[in-house]
Amino acid sequence: MENTQLLGLITGVLFGFALHRAGFSRCGLVMRGLAFRDFTMLKVMLTAIAVGMVGAATLATFAPEAAHLKVKSLYVWGVLVGGLIFGVGMAIAGYCPGTALVGLGGGVRDGLLAVLGALLGAFAFILAYPALEPILIQPLDLGKLTLHETLKLPYLPTALAMAVMLGGIVFWLNRLETKARAERR
Amino acid sequence: MIMERTEVSTQAACATETPSRGALPPWLIWGGMIGLVQVFAIATVQPLGVSTAYPQLVGYLVDQVVPGFAESQPYLQKIGAKIGWEVMLVFGMALGALLSRLLPGGARTAACELPALFRASWARGLAAFVGGFLILFGARLAGGCTSGHMLSGIAQLALSGFLFGAAAFATGVLTASLLLKRANGGR
């Protein structure tokens, strides 16, 4: 096994383990999360994003040689239409491409079925790509834009401020939920 | 039988059990851990991203049966029909979930409420399959999924991540709310 393959495997085991412990092997966590009946999904996601945000900016600032960042291109139509399709699928399945694997590994039948559907979806996209590329991917490609570069703000302070904001949202969601639970009793 | 069916319960009994006083809540521990895994990924190879692995794996497998398939498809020429970091990440994720399930404390993930439409087992299975198709098709069109565009994209303050997140949540919230509303008799 090559070095990068081994690193991928190790990263995946840690990622899958954490997602399973957070409860994502069950489709209900995402479904209820999207319907705002349970804030676990949002709290886990926003916490993970905030930690990653601080880590990425810290690495980029103090150890740029170790910061393998990869900003994705903003091709407006493809990202928008793809996101809209993705949202419908996520609500129906109760899984995203990562948590479906966690469902599969966690022994949930629906996780296996979602992974099989996802493989077929990937196959369909491979075949559809030549037709979709000229209409949804090539036009209105604005490039690899980031918030701080677009607004000409320094990277690390912007990331820290955004992370604090996300932390505030998580804190607020948690309080809402605790209050609602106390009222139900 | 290794595979279990998704249990149906009308009560909200998700993984968020109230932790004992003084202990950190699970969402904070595991959300924070995922953030640290992200930092590890960035420091070693690249930010977390799951959905690229699916077409890479499909391309690799189909190419074994139909030689020349990968070479003939423009999308596979672009991303490569290979077993690299991405596909190994995906194998690792299923393995990590299995480990979590087998190790102490892993069986506690509780069942959750499902929409009434999905109470029939076959309907739920079909929904998982169709939903799975849509998430991969949508993610590849957008160039990333929850991990690539949100966990990684938003964490890097990428504008594409914010747009994807907004779009996915718009239809996701709408669809899930409609499905769960019907589950509770229009409440």
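Chain letters run A, B, ... following the sequence lines, proteins first and then strands; every chain starts at 1. These numbers come from the heavy atoms of this one structure, side chains and all, not from hydrogens, waters or symmetry mates. Given the structure is predicted, the values throughout are model-derived calculations rather than measurements.
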**Q** Give the member of B:S51, B:A41, B:G143, B:A53 that has the highest number of heavy-atom pairs under 4.5 Å with chain A.
**A**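 Most pairs with chain A among the choices: B:G143.
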**Q** If you tally heavy-atom pairs under 4.5 Å against chain B, which of A:F36, A:Y155, A:F15 wins?
**A** A:F15
**Q** Checking heavy atoms, do the side chain of A:V30, its backbone, both or neither come under 4.5 Å from chain B?
**A**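 Neither part, no heavy atoms under 4.5 Å.
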**Q** Tell me, side chain or backbone of B:F40 under 4.5 Å from chain A's heavy atoms, or both, or neither?
**A**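 The side chain, not the backbone.
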**Q** Could you tell me which portion of A:L132 (side chain, backbone, both or neither) has an atom closer than 4.5 angstrom to a non-hydrogen atom of chain B?
**A** side chain
**Q** Below 4.0 angstrom, N of the basic side chain to O of the carboxylate: do A:E177 and A:K43 qualify?
**A** yes
**Q** What residue in A:T4, A:L6, A:L119, A:V170 has the most heavy-atom pairs under 4.5 Å with chain B?
**A** A:L119
**Q** Could you check whether B:S152 and B:Q38, counting side-chain N and O atoms only, form a donor-acceptor pair closer than 3.5 Å?
**A**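 Looking only at side-chain atoms, B:S152 and B:Q38 do form a donor-acceptor pair, the distance falling under 3.5 Å.
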**Q** Determine yes or no for a side-chain-to-main-chain donor-acceptor pair under 3.5 angstrom, with A:D141 supplying the side chain and A:S73 the backbone.
**A** no
**Q** Which of the residues A:A118, A:A50, A:A48 is involved in the greatest number of heavy-atom pairs with chain B at under 4.5 angstrom?
**A** A:A118
**Q** With a 4.5 angstrom heavy-atom cut-off, which part of A:L153 approaches chain B: side chain, backbone, both or neither?
**A** neither
**Q** Could you check whether any side-chain N or O of B:Q46 sits under 3.5 Å from a backbone N or O of B:I42, counting only pairs where one atom can act as donor and the other as acceptor?
**A** no
**Q** Which bit of A:L127 is near chain B, if near means a heavy-atom gap under 4.5 Å: side chain, backbone, both or neither?
**A**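 Both parts, backbone and side chain.
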**Q** Could you measure the distance from the CG atom of B:L57 to the CZ atom of A:F123? Nearest 0.5 Å is fine.
**A** 13.0 Å
**Q** Answer with side chain, backbone, both or neither: which region of A:N3 has an atom nearer than 4.5 Å to a non-hydrogen atom of chain B?
**A**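 Neither part, no heavy atoms under 4.5 Å.
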**Q** Spell out, as yes or no, whether a donor-acceptor pair under 3.5 Å connects the side chain of A:D38 to the backbone of A:R32.
**A**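 A pair under 3.5 Å: no.
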**Q** Where is the tightest heavy-atom contact between A:T146 and B:L159, given as atom of each residue plus distance?
**A** C-CG, 4.0 Å
**Q** Which bit of B:I79 is near chain A, if near means a heavy-atom gap under 4.5 Å: side chain, backbone, both or neither?
**A** neither
**Q** Pick one of side chain, backbone, both or neither for B:L48, based on which atoms fall under 4.5 Å of a heavy atom in chain A.
**A**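 Just its side chain gets close to chain A.
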**Q** Give the cluster check for B:V87 versus A:I10: same hydrophobic cluster or not, with ILVMFWY residues linked at side-chain heavy-atom distances below 4.5 Å.
**A**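 Same hydrophobic cluster.
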**Q** How long is the span from the OG atom in A:S25 to the NE2 atom in A:H20, to the nearest 0.5 Å?
**A**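 Interatomic distance, A:S25 OG to A:H20 NE2, rounded to 0.5 Å: 4.0 Å.
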**Q** Highest number of heavy-atom pairs under 4.5 Å with chain A: which of B:P74, B:P47, B:A139, B:A97?
**A** B:A97
**Q** Side chain from CB out, backbone as N, CA, C, O: work out which of these in A:A128 comes under 4.5 Å of a heavy atom of chain B, or both, or neither.
**A** side chain
**Q** For residues 63-88 of chain A, which residue pairs pass the ring pair (Phe, Tyr, Trp, His ring centres under 6.0 Å) check, not counting sequence neighbours?
**A** A:F86-B:F164
**Q** Which bit of A:L80 is near chain B, if near means a heavy-atom gap under 4.5 Å: side chain, backbone, both or neither?
**A**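 Answer is both: backbone and side chain atoms of A:L80 are under 4.5 Å from chain B.
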**Q** In terms of heavy-atom pairs under 4.5 Å, which option from B:L174, B:L141, B:V45, B:L95 contacts chain A the most?
**A**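 So the answer, after comparing B:L174, B:L141, B:V45, B:L95, is B:L141.
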**Q** Is there a donor-acceptor contact under 3.5 Å from the side chain of B:E71 to the main chain of B:G68?
**A** no
**Q** Is there a donor-acceptor pair closer than 3.5 Å between any side-chain N or O of A:R21 and the backbone N or O of B:W30?
**A**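 No.
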**Q** Can you tell which of A:A122, A:A163, A:P97 has the highest number of heavy-atom pairs within less than 4.5 Å of chain B?
**A** A:P97
**Q** Of the backbone (N, CA, C, O) and the side chain (C-beta and beyond), which part of A:T58 lies under 4.5 Å from a heavy atom of chain B, both, or neither?
**A**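 Answer is neither: A:T58 stays 4.5 Å or more from chain B.
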**Q** In terms of heavy-atom pairs under 4.5 Å, which option from A:V44, A:I92, A:L120, A:I85 contacts chain B the most?
**A**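 Top count of heavy-atom pairs under 4.5 Å with chain B: A:I92.
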**Q** Among B:I135, B:V62, B:I154, which residue has the highest count of heavy-atom pairs closer than 4.5 Å to chain A?
**A** B:I135
**Q** Counting N and O atoms only, with roles assigned by atom type, does the side chain of B:S160 sit under 3.5 Å from a partner on the main chain of A:K72, one being a donor and the other an acceptor?
**A**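 Such a contact is found between B:S160 side chain and A:K72 backbone.
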**Q** Which one wins on heavy-atom pair count under 4.5 Å against chain A: B:G153, B:S147, B:G32?
**A**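 Most pairs with chain A among the choices: B:G32.
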**Q** Using 30° and 60° as the class boundaries, would you call the ring planes of A:F125 and B:F137 parallel, tilted or perpendicular?
**A**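 If you compare the ring of A:F125 with that of B:F137, the planes turn out perpendicular.
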**Q** With a 4.5 angstrom heavy-atom cut-off, could you sort out which part of B:L61 is near chain A: side chain, backbone, both or neither?
**A**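 No part of B:L61 comes within 4.5 Å of chain A.
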**Q** First locate atom CG of A:N174, then atom CG of A:L46, and finally report the distance between them rounded to the nearest 0.5 Å.
**A** 12.0 Å
**Q** With respect to chain A, which residue among B:E86, B:M33, B:Q73 yields the maximal number of heavy-atom pairs within a distance under 4.5 Å?
**A**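 Ranked by heavy-atom pairs under 4.5 Å with chain A, first place is B:Q73.
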**Q** Any idea which of A:G83, A:A91, A:G111, A:A56 has the most non-hydrogen atom pairs under 4.5 angstrom with chain B?
**A**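 Among the listed options, the one with the most contacts to chain B is A:G83.
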**Q** Please flag which part of A:I126 lies under 4.5 Å from any non-hydrogen atom of chain B: side chain, backbone, both or neither.
**A**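 Both backbone and side chain of A:I126 come within 4.5 Å of chain B.
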**Q** Which atoms of A:M162 are under 4.5 Å from chain B, going by heavy atoms: the side chain, the backbone, both sets, or neither?
**A**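 Side chain only.
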